[in-house]
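These numbers were taken from a predicted model, which means no experiment stands behind them. All chains are named by letter (A, B, ...) in the order of the sequence lines, taking the proteins before the strands, and each is independently numbered beginning at 1.
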2 protein chains.
Amino acid sequence: MKVSTKGRYGLRVMIELALRYGSGPVMMDTISNCVGVSRKYLYNLLTTLKTSGLVRAVRGASGGFELTTDPNRITASDVVQSLEGHLTIVDCVHDGVTCPRIDHCASREVWQKMGEALEEVLSDVTLAHLAQRQEQKNGGQLMYYI
Amino acid sequence: MKVSTKGRYGLRVMIELALRYGSGPVMMDTISNCVGVSRKYLYNLLTTLKTSGLVRAVRGASGGFELTTDPNRITASDVVQSLEGHLTIVDCVHDGVTCPRIDHCASREVWQKMGEALEEVLSDVTLAHLAQRQEQKNGGQLMYYI
DNA sequence: CAAATACTCTACTATGTTTGTAGAGTATCC
DNA sequence: GGATACTCTACAAACATAGTAGAGTATTTG
């Protein structure tokens with residue numbers, strides 16, 4: 001019951017983009033350095049996030065990636081679900097393909113509640129919130145890890 | 001971010017034992033039939049649960065497994081944590097081995113909240129509760145799936 | 001006692017997912 | 001037209017999950 005590196009790195013990536021929102025596209029090498037992920041792997045994450053419509057890519061010289069919308073309109077739930085898929089702890093909660101014992105399964109109600117609890121936590125946290133928190137922790141400086 | 005079959009089957013197993021609590025040990029073949037898991041795999045689950053002190057084994061003829069204590073003193077949290085490990089979404093939340101950026105990581109607070117939310121849901125649900133719910137759904141009959 | 005019963009243990013394997021890497025291709029800016 | 005920087009397909013190593021096989025051991029019951 002862990003978040004994979006996709007979700008972990010992905011949220012960091014989005015926080016970095018939130019910190020730089022409004023300053024034009026940020027190139028992959030910069031993000032790669034800040035977050036500590038290889039350029040190649042980063043591309044996977046950004047491609048997924050792009051497909052979900054959370055980021056936009058600008059090609060060519062002085063290109064890069066940027067958020068498609070204001071950081072306070074993107075939640076951690078959006079980011080995590082984009083990269084990790086549905087916020088369901090067990091497939092039967094979301095699938096149309098239900099297991100044969102679904103009607104007399106008490107466990108299922110527990111798994112459902114867990115998913116709802118996660119959704120509640122994540123949808124309550126915006127990127128703006130996280131970026132602000134990050135700035136506080138760093139004393140207002142962007143971290144580069146060069 | 002899924003519960004594995006260990007957790008899913010394990011909780012079912014414990015609900016079955018809760019339904020039969022006080023009637024002496026239940027043998028693995030019975031549990032295996034009710035829950036729909038092979039005897040061999042079931043052994044893995046029960047061994048883990050035994051190590052955690054949630055069930056007790058009785059060897060020999062007319063042996064089997066039974067809960068070590070009353071079903072309303074065992075929570076879903078106990079069961080899931082026994083089989084799946086700590087209820088942490090990301091290791092850095094619980095590990096002593098922290099990642100180098102732990103001090104300026106805003107994401108970590110999100111992962112921590114998620115774990116706490118799960119704990120809250122699971123520790124609020126007892127086996128007695130689940131067994132009762134299961135009985136309601138089955139009209140008071142034990143299901144055998146023979 | 002002895003036979004049946006039922007848990008116990010070690011080891012092995014197949015399968016799928018995660019976590020990446022390689023290298024050539026393509027759009028855009030100046 | 002050259003430099004810049006994203007794009008795409010394919011592949012592969014490492015790890016975790018989900019089991020299976022088969023022989024061993026403790027207890028009850030007659």
Rounded to the Å, how far apart are [X] [atom1] and [N] [atom2]?
| X | N | atom1 | atom2 | value |
| --- | --- | --- | --- | --- |
| Asp91(B) | dT19(C) | CG | P | 11 Å |
| Arg8(A) | dT19(C) | CZ | C1' | 11 Å |
| Glu84(A) | dT18(C) | CD | C1' | 11 Å |
| Lys2(B) | dG16(C) | NZ | P | 18 Å |
| Met1(B) | dA16(D) | CE | C1' | 17 Å |
| Arg56(B) | dC7(C) | CZ | C1' | 15 Å |
| Leu42(B) | dG19(D) | CG | P | 12 Å |
| Met28(B) | dA26(D) | CE | C1' | 14 Å |

Which nucleotide wins on minimum distance to the side chain of [X], given the candidates [options]?
| X | options | answer |
| --- | --- | --- |
| Met27(A) | dC6(D), dT27(D), dT20(D) | dC6(D) |
| Tyr43(B) | dC9(C), dG19(D), dC6(D) | dC9(C) |
| Ser4(B) | dG19(D), dA18(D), dT8(C) | dA18(D) |

*Pairwise 5' ranking along DNA chain D for Asp29(A) and Thr5(B), keeping only the more 5' one*: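 With Asp29(A) and Thr5(B) compared, the 5'-side residue is Asp29(A).
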*Residue whose nearest DNA chain D nucleotide is more 5′ - Ser62(A) or Tyr41(B)*: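 Residue closer to the 5' terminus by nearest nucleotide: Ser62(A).
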*Using a cut-off of 4.0 Å on non-hydrogen atoms, how would the nucleic acid contact of Thr47(B) be classed: base, sugar-phosphate, or nothing?*
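Counting heavy atoms under 4.0 Å across all strands, no contact is made by Thr47(B).
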*Apply salt bridge (charged side-chain N to carboxylate O under 4.0 Å, His left out) to the pair Glu16(B) and Arg20(B), showing each step before the final yes or no.*
CA-CA 6 Å; Glu16(B) 290 298 326; Arg20(B) 290 167 174 76; 2.6 Å; yes
*Got a donor-acceptor pair under 3.5 Å from the side chain of Lys6(B) to the base of dG19(D)?*
no
*If you find the nucleotide of DNA chain C closest to Arg59(A) and the one closest to Lys40(A), which residue's nucleotide is nearer the 5' end?*
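Looking at the nearest nucleotide for each, Lys40(A) comes out on the 5' side.
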*asked:* Closer than 3.5 angstrom, by distance alone: can the side chain of Ser32(B) be matched with the main-chain N or O of Val37(B) as a donor-acceptor pair?
replied: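 Yes; judged by distance alone, with no hydrogens or angles, the pair exists.
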*Taking Ser52(A) for the side chain and Leu54(A) for the main chain, is one N or O donor matched with an acceptor at less than 3.5 Å?*
no
*Would you say a side-chain N or O of Lys50(A) is under 4.0 Å from OP1 or OP2 of dT7(D)?*
yes
*Answer yes or no: does a side-chain N or O of Arg39(A) lie under 4.0 Å from OP1 or OP2 of dC6(D)?*
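Indeed, a polar side-chain atom of Arg39(A) lies that close.
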*asked:* So that I can tick it off, tell me whether Arg133(A) and Glu109(B) are bridged by a salt bridge, with the cut-off set at under 4.0 angstrom between side-chain N and carboxylate O.
replied: yes
*Within a strict 4.5 Å, meaning less than it, do heavy atoms of the Val90(A) and Lys2(B) side chains meet?*
no
